[in-house]
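Following: one structure in structure tokens, then a few remarks.
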There are 2 protein chains.
Amino acid sequence: MAGNVSSPSTTVTGRALSLVAAFDEDHRRLTLTELATRAGLPVPTAHRLLAELVEWGALARDPRGSYVIGRRLWDLGMLAPVQRGLRDVASPYLHDLYGATHATVHLAVRDDLSALYLDRLAGHTSVPVVSTVGSRLPLHATGVGKVLLAHSSEQVVQEALARLERVTPYTVTQPGRLRRQLEQVRHDGYAVTREEMSLGACSLAVPVVSRERVVAALGIVVPSLESSQVRLVAALQVAARGIARSLGSADDPRATP
Amino acid sequence: MAGNVSSPSTTVTGRALSLVAAFDEDHRRLTLTELATRAGLPVPTAHRLLAELVEWGALARDPRGSYVIGRRLWDLGMLAPVQRGLRDVASPYLHDLYGATHATVHLAVRDDLSALYLDRLAGHTSVPVVSTVGSRLPLHATGVGKVLLAHSSEQVVQEALARLERVTPYTVTQPGRLRRQLEQVRHDGYAVTREEMSLGACSLAVPVVSRERVVAALGIVVPSLESSQVRLVAALQVAARGIARSLGSADDPRATP
DNA sequence: CCGATCCTTCCGGTCAGTGGAAGAGGTGTC
DNA sequence: GACACCTCTTCCACTGACCGGAAGGATCGG
């Protein structure tokens, strides 16, 4: 799985961007040659563009000379309206929820065919969890993902069902079965997963409904569901309603679903 | 205060970047003409470049046609090593601290002459606080700022002292007085501010010391300090030591101070 | 209806960007 | 010490991608 040699974009901006795009969750430090390869550019060209990006602060060089994402991009990223209102509003509720459950708490929205984690809140002793803020996980294997999918258009559902990757032995990979689960989620008002994304981790999630639209999903990850499920769902719903209420008041409707 | 018509960078990448740079905390939504002006570019040129940036996802267009920072930049920003290890490690401790104090909790590092807020944790009922994650506040008027300044090089201190802007009637603007306070901070091991940044908000902050270097500052904002100050400082120090301990283990030394 | 303002598209000239080639620095091998 | 091999950096002449004035839409308000 060496290089996703992207289409060698002919425009300059495109090329510069393809260099930046070479970074991802698993590639936070890249060398010149790696970048050139991944962006599908000749080394000297990459070098020149990178120099510019570094000068501007989009990228930075670590002590070893490798390239990393720079502080300026981080700054700018924080300005993104990516549900910024949502994130700000939700923060205290995530918190309450953590206080009530001591489970890892997640806030996610759907972005294309993945669940995009807007915020995460984990304690010291939480179950090992794969997600980090800004990361994406598949819709079919996570609690928040199922909630989001359950309230998506038929077209999205079809696309998602078309590629159900197996992650653990318990991942649901049969379209029919998942469809029934989604129906269940809509009926129950919450979603459940049991070790479908990572072993030893179960999750519960509920939708956050504002102006009659599902704007996000709120979920928690716990080692097991045993008896406490009812209580946890109740806590989730309280938090979700709180978020929705805060969203409804004093917030402009610039959603970006 | 219309346009900071930046030097009309001659390179294409530079121009594209100058468009992105036109966004800041106070300008999260910009129209084509605004962008063109702020970036110092002709409208058609700006238009073309913007189209590319939008297609790529660096920017996005809101329902009204204005431009905003796109989701992809947010993503990428989250990958920035801007103290990412620090942020991840600190998160649970910030939490504990909130649980113990129910005050707004801040984690900040020094970036040039400002305090850069890496993380913030606020409850429902917290004091009104200006900071948001990713924002910068002056070093001389905040608790975390004073801590960071107290442990900075003489050169930085001098530059900071050279421009002590007044924010509230209580902001310390006399260099001599601030110097004495910094001395006090080093001696006591914590910093105090009383309504120096915003009225009705006092703050306490302590340094996070890892490998004998001050790598960050941890602070809380409360309505008043009255009697509980000793307890609060103790809680802060516990958290700071916890973070430092977690940092010391299992983390590589790619600091970016 | 007409003028003002902002957004979008077009297209030929030109100059910035391109990338092969060569040099510099570093590291491992015999 | 010399060689092979690697990645990074600089150079520079050619060329085709970008530039931006001009013109055409779209929208709004009077």
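As a basis for the values below, the full set of heavy atoms in this structure was taken, side chains included, without hydrogen atoms, waters or symmetry mates.
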Between V208(A) and V214(A), is the side-chain contact (heavy atoms from CB on, under 4.5 Å) condition met? List the steps. CA-CA 6 Å; V208(A) 177; V214(A) 172; over 6 Å; no

Give the C-alpha distance, both sets of side-chain angles, the deciding distance and a yes or no for salt bridge (charged side-chain N to carboxylate O under 4.0 Å, His left out) between D112(A) and R71(B). CA-CA 11 Å; D112(A) 200 25; R71(B) 196 165 274 182; over 6 Å; no

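When the C1' atoms of four end pairs are superposed on the next four at each end of the helix from dC1(C)-dG30(D) to dC30(C)-dG1(D), using five pairs per end, the two resulting axes differ in direction by 40°, to 10°.
Evaluation of the side-chain contact (heavy atoms from CB on, under 4.5 Å) rule for R163(B) yields L113(B) as partners, not counting sequence neighbours. Residues passing the side-chain contact (heavy atoms from CB on, under 4.5 Å) test with V133(A) are D119(A), R120(A), W74(B), M78(B), sequence neighbours excluded. Shown here are the ring-ring contact (aromatic ring centres under 6.0 Å, His included) partners of Y117(A), two or more places apart in sequence or in another chain: H106(A). Scanning for side-chain hydrogen bond (donor to acceptor under 3.5 Å, both in side chains) contacts around T33(A) gives an empty result, with sequence neighbours left out. R166(A) meets the side-chain hydrogen bond (donor to acceptor under 3.5 Å, both in side chains) test with T173(A); sequence neighbours excluded. Evaluation of the salt bridge (Lys or Arg N to Asp or Glu O under 4.0 Å) rule for R136(A) yields D111(A), D75(B) as partners, not counting sequence neighbours. Residues satisfying the side-chain hydrogen bond (donor to acceptor under 3.5 Å, both in side chains) criterion with E159(B), sequence neighbours excluded, are Q155(B). With sequence neighbours excluded, the residues that form a side-chain contact (heavy atoms from CB on, under 4.5 Å) with R48(B) are T45(B).
More than 12 heavy-atom neighbours from other residues, nucleotides or ligands sit within 6.0 angstrom of CD on E25(A).
When DNA chain D is scanned in the 5' to 3' direction for atoms under 4.0 Å from non-hydrogen atoms of chain A, the outermost contacting nucleotides are dT7(D) to dC18(D). On the nucleic acid side, DNA chain C has its first and last nucleotide under 4.0 Å of a heavy atom of chain A at dG17(C) to dA21(C), going 5' to 3'.
Toward the 5' end of DNA chain D, the nearer of the two residues L32(A) and V12(A), judged by each one's closest nucleotide, is L32(A).
For the contact set between residues 43-50 of chain B and DNA chain C, defined by any heavy atom under 4.0 Å, the members are V43(B), P44(B), H47(B).
Among R61(B), E34(B), R29(B), the single residue meeting the side-chain contact (heavy atoms from CB on, under 4.5 Å) criterion with S66(B) is R29(B).
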